[in-house]
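Just so it is clear, the structure is predicted and the values come from calculations on it, not from any experiment. To find a chain, count down the sequence lines: A is the first, B the second, and so on, and within it residues start at 1.
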Number of protein chains: 2
Amino acid sequence: MSRADQPPHGDGPATGRRERARLRREEIILIAAGMFAERGYRGTSLADVAARAGISEPGLLHHFGNKAGLLLAVIERRDLDSEAFAMELLGMEPADRLRALPEFARRNRHRTELAKLFTVLVAESLEPDAPGHGHFVARYRAMRAIVADTIRSAQRAGLTRAGLDPEAKAAEIIATLDGLQTQWLLDPEAVDIVAAVEAYARTLERDLTGS
Amino acid sequence: MSRADQPPHGDGPATGRRERARLRREEIILIAAGMFAERGYRGTSLADVAARAGISEPGLLHHFGNKAGLLLAVIERRDLDSEAFAMELLGMEPADRLRALPEFARRNRHRTELAKLFTVLVAESLEPDAPGHGHFVARYRAMRAIVADTIRSAQRAGLTRAGLDPEAKAAEIIATLDGLQTQWLLDPEAVDIVAAVEAYARTLERDLTGS
DNA sequence: CCTACCGATCGGTAGG
DNA sequence: CCTACCGATCGGTAGG
């Protein structure tokens with residue numbers, strides 16, 4: 001087949017069409033993310049997403065193949081935000097990273113939807129055959145590795161006490177932040193997420209320095 | 001009305017029929033709990049539960065009214081276990097309660113299903129209009145209150161340092177245990193829940209005593 | 001990306 | 001008049 005050939009009209013309009021499709025995709029992903037956050041992946045139908053996006057169900061499936069494809073697109077999109085966060089954190093001195101936690105909590109406070117999306121999708125991905133399972137397993141392993149590396153470099157710099165297991169502490173830190181987030185999402189009137197993370201940052205500072 | 005009267009044939013058969021119904025209900029609740037744990041509330045159909053229980057859907061609904069009624073029955077049943085746990089913990093001296101945490105993790109290790117059920121249902125109950133929302137809000141408030149009370153009494157006994165906010169610490173402790181559980185459920189090969197909780201109990205002991 | 005559909009399954013209810 | 005269900009089917013919706 002002549003698959004390697006460029007289409008004869010591959011100048012302006014073709015690129016514009018692809019660009020338009022990409023923007024439409026992006027738009028649908030944001031709509032789907034909002035609905036997954038509120039009702040979960042299982043609680044959201046393709047028809048719901050299509051209606052909100054002003055598209056037919058077959059049109060929706062043209063972009064994402066099937067419902068799991070839409071989920072993976074949402075997860076990947078959400079990961080771009082997380083990566084930006086990780087890069088920002090890794091750009092700081094290890095000693096400053098701890099102090100940055102409440103700032104991120106403060107930022108997330110106004111993006112409830114992102115936090116909710118994450119909590120809901122992880123719970124729907126616990127089973128090995130869930131569409132997002134492999135992704136979240138890899139994501140948590142990477143998160144633990146990054147935090148453990150930070151702890152190790154802080155130990156080498158003498159900022160953190162040596163008798164502390166970096167891997168175990170990394171799991172514990174991520175667990176606490178996740179758990180506080182869940183309590184806040186469930187009951188925002190009873191749990192002040194910024195104050196809770198600030199208090200935990202102080203706990204953690206004492207714990208890490210051993211003071 | 002003569003509602004206070006016993007039925008004229010209120011010897012064996014009548015009581016036996018009610019008792020049989022109660023046992024059938026209990027049996028169905030356990031089946032539904034297992035399915036909710038694996039596929040979530042939204043991912044489980046009444047037809048799935050009915051088929052596994054060897055009952056028709058109308059038969060199922062006769063017992064629970066509607067799907068949300070089944071969920072609430074599962075949650076209440078799960079709470080009986082939690083209450084037993086709480087009573088066991090509250091029966092100990094405050095100083096021993098911390099040491100009991102790894103033992104409970106060890107016990108839960110063989111009851112993955114219960115842990116999974118809890119994680120999945122909480123995530124499906126974040127929205128205020130979710131059927132289990134009110135229940136989980138109340139449950140977390142009660143849990144925080146119990147842990148905070150334990151901390152306060154340990155402070156009065158001089159076992160725990162005074163400069164520590166009992167409510168904030170309670171939220172933090174529950175958050176860490178929940179979060180570790182989620183990481184373990186997602187990736188049991190990478191996260192050893194017993195070791196993680198043991199390590200956290202040590203962290204917590206240093207934190208509480210201020211040593 | 002559309003209209004026009006499919007096999008099946010959804011939560012819930014009818015009469016008996 | 002009660003209980004504990006049954007087989008059949010309701011109007012709509014699921015993913016594709």
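- A gap of 13 Å separates the C1' atoms of dT9(D) and dG11(C), to the nearest Å.
- The shortest heavy-atom contact between A123(B) and A123(A) is CB-CB, 3.3 Å.
- Taking CZ of R141(B) as the start and CG of L186(A) as the end, the distance is 9.0 Å to the nearest 0.5 Å.
- Atom OG of S45(A) and atom CE of M35(A) lie 7.0 Å apart (nearest 0.5 Å).
- Following rounding to the nearest Å, L46(A) (CG) and dC6(C) (P) show an atom-to-atom distance of 19 Å.
- Distance R39(A) CZ to dT13(D) P: 13 Å, rounded to the nearest Å.
- R25(B) has its side chain out of reach of I28(B): every pair of non-hydrogen atoms, C-beta onward, lies at least 4.5 Å apart.
- Closest to the side chain of D48(B), from the set dT3(C), dG15(D), dC10(C), is dC10(C).
- Regarding E57(B), its CD atom lies at a distance of 7 Å from the P atom of dC10(C), rounded to whole Å.
- Side-chain proximity of P58(A) to dG15(D), dC2(C), dC6(D): nearest is dC2(C).
- For the 3.5 Å distance criterion, the side chains of R152(B) and T160(B) fail to qualify, holding no donor opposite an acceptor.
- Residue L23(B) contributes atom CG, which lies 14 Å from atom C1' of dA4(D) at whole-angstrom precision.
- The residue I55(B) sits close only to the backbone: its heavy atoms come under 4.0 Å of sugar-phosphate atoms, none of a base.
- Judged purely by distance below 3.5 Å, without hydrogens or angles, the side chains of Y140(A) and D178(A) pair a donor atom with an acceptor atom.
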Pairing string of DNA chain D (Watson-Crick or G-U wobble, both atom distances under 3.5 Å; | = paired to other strand) is .....|.|.|..|.||
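- Using P as the reference atom, dG12(D) and dA8(C) are 22 Å apart when rounded to the nearest Å.
- Within 4.0 Å of L61(A), counting heavy atoms only, lies at least one base atom of the nucleic acid.
- For dA4(C) and dG16(D), the P atoms lie 22 Å apart once the distance is rounded to whole Å.
- When all heavy atoms are compared, the tightest approach of R42(A) to G40(B) is NH1-N, 3.6 Å.
- For DNA chain D, the neighbouring residues in residues 62-69 of chain A, judged by any heavy atom under 4.0 Å, are N66(A), K67(A).
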For side chain to side chain contact (heavy atoms under 4.5 Å, CB included), just list the numbers for L126(B) and H133(B), CA-CA rounded to whole Å, side-chain angles, deciding distance to a tenth of an Å, and then say yes or no.
CA-CA 6 Å; L126(B) 295 181; H133(B) 181 79; 5.7 Å; no
Mind listing the side-chain donor-acceptor pairs of residues 66-75 of chain A below 3.5 Å, one per line with the distance, residues two or more places apart or on another chain?
unit_1 : atom_1 : unit_2 : atom_2 : d
N66(A) : OD1    : A68(A) : N      : 3.3
N66(A) : OD1    : G69(A) : N      : 2.8
K67(A) : NZ     : Y41(A) : O      : 2.8
K67(A) : NZ     : T44(A) : O      : 2.8

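- With rounding to the nearest 0.5 Å, the separation of CZ in R39(A) from NZ in K116(A) is 12.5 Å.
- Within 4.0 Å (heavy atoms only), S56(A) reaches at least one base atom of the nucleic acid.
- Rounded to whole angstrom, the span from the CD atom of E27(B) across to the P atom of dA4(D) amounts to 15 Å.
- The distance from atom OH of Y41(B) to atom P of dC10(C) is 13 Å, rounded to the nearest whole Å.
- When distances run from any side-chain atom of R24(A) to the nucleotides dG15(D), dC1(C), dG16(D), the shortest one goes to dC1(C).
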